[in-house]
Amino acid sequence: MQDVQEREIICERQGSAGVVILNRPKALNALTLTMVRGLREALDAWEKDPQVTRVVVTGAGDRAFCAGGDIRSLYEQGRGGRLDEALTFWREEYQLNVRIREYAKPYVSLVEGIVMGGGVGVSVHGSHMVAFDRFTFAMPEVGIGFFPDVGATYVLPKLPGELGAFLAVTGERIGQAEAHALGLVTHAAPSSEFGAIRERLVAGEPVDDVLAPYAARPTASTLLDHRALVDHAFSAPDVPGVLARLDAAAAAGDAFAAKTAATMRTKSPTSMAIALEQVRRGRGVDMREAMRIEYRIVNRIALGHDFYEGVRAVIVDKDHSPKWSPASLDATPPAEVAKYFEPLGANELTFD
């Protein structure tokens, strides 16, 4: 029998809680298919168990809650002609994201350290997401030729103004206070309280009572300070238009605009075009439709160039010099972008 410390995910009942530990600390708790399936099975069992009144999810180690999916494995599967394996991961991951969003009991993620990509998918959709001091959020997929998935299509459009589009298209990182001010997390607590919060939840105290002291949302943040510029720039009809507005602001002396434009020019043009479009399409759709949209996109991304080139440059060879194709935003007209969103027919994502 596998030792508990060697399991990729630990799911067990403690007191009144179904406790989940994402348990790959050396890999920053990056998600594997085994972890996705383990969490799904535990949620199914606990939903029917009257002794479990809430789910509490944490990450092992002190660096990350979960830094995303196991991208290198997905890269190797795609490169090795095993695309069906990669699509199985994405399909079941997206179904899990919906399961979390629709879960019948309180689902509390206690997030310390890095939370990106797939880690966002197993935290932000729950009823409660608590950010601690070292919390670092990003959806950085445009930097590896991918796109913000795991429900970003549902979550990011709900942020104030065009800030969701900003986060999707730039991949920018934000911390605890910023995430709380924008409404990405429901609560923000000091790291010194992590253990006490966890123990009170396990002991069965009412979830909202335990978390109430950490609910007051900041009214100011760096991003909110720049909201007028972000709303103006990211409401442009396409990514070249966004860059043109940022460049104009930068020419007038706006350092934030200059930094944002410079960041965007390092990302995959195709990925940025997809990200901007998906945030716009995400307005007004429910979670299930958002995940159908993302599964359509990932089926096309997985057959393309930029995802494999981005992972090669950032994770495999680490030369950080990806050669995007196409390299120009002018080569990603709306008609080309729209192809990523076309229905898959019999291969559409389902939620049986």
Side-chain angles (χ1 to χ4, degrees), residues 55 57 65-66 97-98 100-103 106-141 148-191 193 197 207-235 256 260 275-276 278-291 294:
V55 174
V57 187
F65 172 81
C66 175
N97 299 150
V98 170
I100 293 169
R101 171 65 62 177
E102 298 177 354
Y103 202 59
Y107 180 107
V108 187
S109 50
L110 304 180
V111 184
E112 181 69 287
I114 297 167
V115 58
M116 298 182 183
V120 175
V122 296
S123 56
V124 75
H125 300 302
S127 59
H128 302 76
M129 183 178 183
V130 187
F132 292 87
D133 292 335
R134 295 191 298 276
F135 175 99
T136 302
F137 167 97
M139 296 300 289
E141 290 83 0
D149 64 339
V150 297
T153 305
Y154 179 81
V155 172
L156 294 183
K158 293 176 171 54
L159 300 187
E162 297 291 340
L163 291 172
F166 168 84
L167 291 174
V169 173
T170 66
E172 193 69 37
R173 297 187 179 200
I174 60 174
Q176 177 201 50
E178 199 87 70
H180 198 199
L182 299 186
L184 266 171
V185 302
T186 59
H187 300 80
S191 296
E193 298 292 312
I197 290 171
V207 172
D208 289 334
D209 289 354
V210 174
L211 300 180
Y214 315 107
R217 186 171 295 174
T219 57
S221 75
T222 301
L223 270 183
L224 289 175
D225 290 345
H226 294 291
R227 182 174 165 186
L229 170 66
V230 169
D231 286 356
H232 171 66
F234 285 82
S235 61
F256 178 84
T260 301
L276 185 62
Q278 75 178 102
V279 171
R280 293 185 174 164
R281 292 191 184 215
R283 291 172 180 150
V285 304
D286 64 18
M287 178 67 177
R288 291 190 174 204
E289 182 59 22
M291 299 317 302
E294 293 183 8

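This one's a predicted model, so the numbers in the text were calculated from it and none came from an experiment. Atom set for the values below is all heavy atoms of this structure, side chains included, hydrogens, waters and symmetry mates excluded.
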Within the side chain of [X], is there an N or O that forms a donor-acceptor pair under 3.5 Å with the backbone of [Y]?
X: Gln176; Y: Ala189; answer: yes
X: Gln278; Y: Asp149; answer: no
X: Tyr107; Y: Val122; answer: yes

What distance separates [X] [atom1] from [Y] [atom2], expressed to the nearest 0.5 Å?
X: Thr219; Y: Leu224; atom1: OG1; atom2: CG; answer: 8.5 Å
X: Glu178; Y: Thr136; atom1: CD; atom2: OG1; answer: 12.0 Å
X: Leu182; Y: Arg217; atom1: CG; atom2: CZ; answer: 8.5 Å
X: Arg227; Y: Thr222; atom1: CZ; atom2: OG1; answer: 15.5 Å
X: Phe65; Y: Ser123; atom1: CZ; atom2: OG; answer: 5.0 Å
X: Glu294; Y: Glu289; atom1: CD; atom2: CD; answer: 11.0 Å

Practice task
Report the C-alpha separation of Leu184 and Leu167 in whole Å, then their side-chain angles, then the decisive distance to 0.1 Å, and conclude whether the side chain to side chain contact (heavy atoms under 4.5 Å, CB included) test is met.
Solution key: CA-CA 11 Å; Leu184 266 171; Leu167 291 174; 4.2 Å; yes
If you compare all heavy atoms of [X] against all heavy atoms of [Y], which two are closest, and at what distance to 0.1 Å?
X: Ala188; Y: His180; value: CB-ND1, 3.5 Å
X: Pro140; Y: Met116; value: CG-SD, 4.0 Å
X: Ala220; Y: Ala181; value: O-CB, 4.1 Å
X: Phe135; Y: Ala131; value: CD1-CB, 3.4 Å
X: Met291; Y: Val98; value: CG-CG2, 3.4 Å
X: Val124; Y: Arg101; value: O-NH2, 3.8 Å

Completion exercise
Tested for side-chain contact (heavy atoms from CB on, under 4.5 Å) against Glu102, the lone hit among His125, Met287, Arg288 is Arg288
Problem - Chi angles and distances behind the side chain to side chain contact (heavy atoms under 4.5 Å, CB included) call for Val108, Leu211 - result: CA-CA 10 Å; Val108 187; Leu211 300 180; 4.2 Å; yes
Do [X] and [Y] come close enough that some side-chain heavy atom pair is under 4.5 Å?
X: Met129; Y: Val111; value: yes
X: Met139; Y: Val150; value: yes
X: His128; Y: His187; value: yes

Practice task
Apply side chain to side chain contact (heavy atoms under 4.5 Å, CB included) to the pair Val185 and Phe137, showing each step before the final yes or no.
Solution key: CA-CA 10 Å; Val185 302; Phe137 167 97; over 6 Å; no
Exercise for the section: Please work out whether the ring planes of Phe166 and Phe234 are parallel, tilted or perpendicular, with thresholds of 30° and 60°. Expected result: perpendicular
Handout entry: side chain to side chain donor-acceptor pair (under 3.5 Å) partners for Glu162, two or more places apart
Key = Arg283
Problem - Ile197 vs Tyr214, side chain to side chain contact (heavy atoms under 4.5 Å, CB included): CA-CA, chis, key distance, verdict - result: CA-CA 11 Å; Ile197 290 171; Tyr214 315 107; 3.6 Å; yes
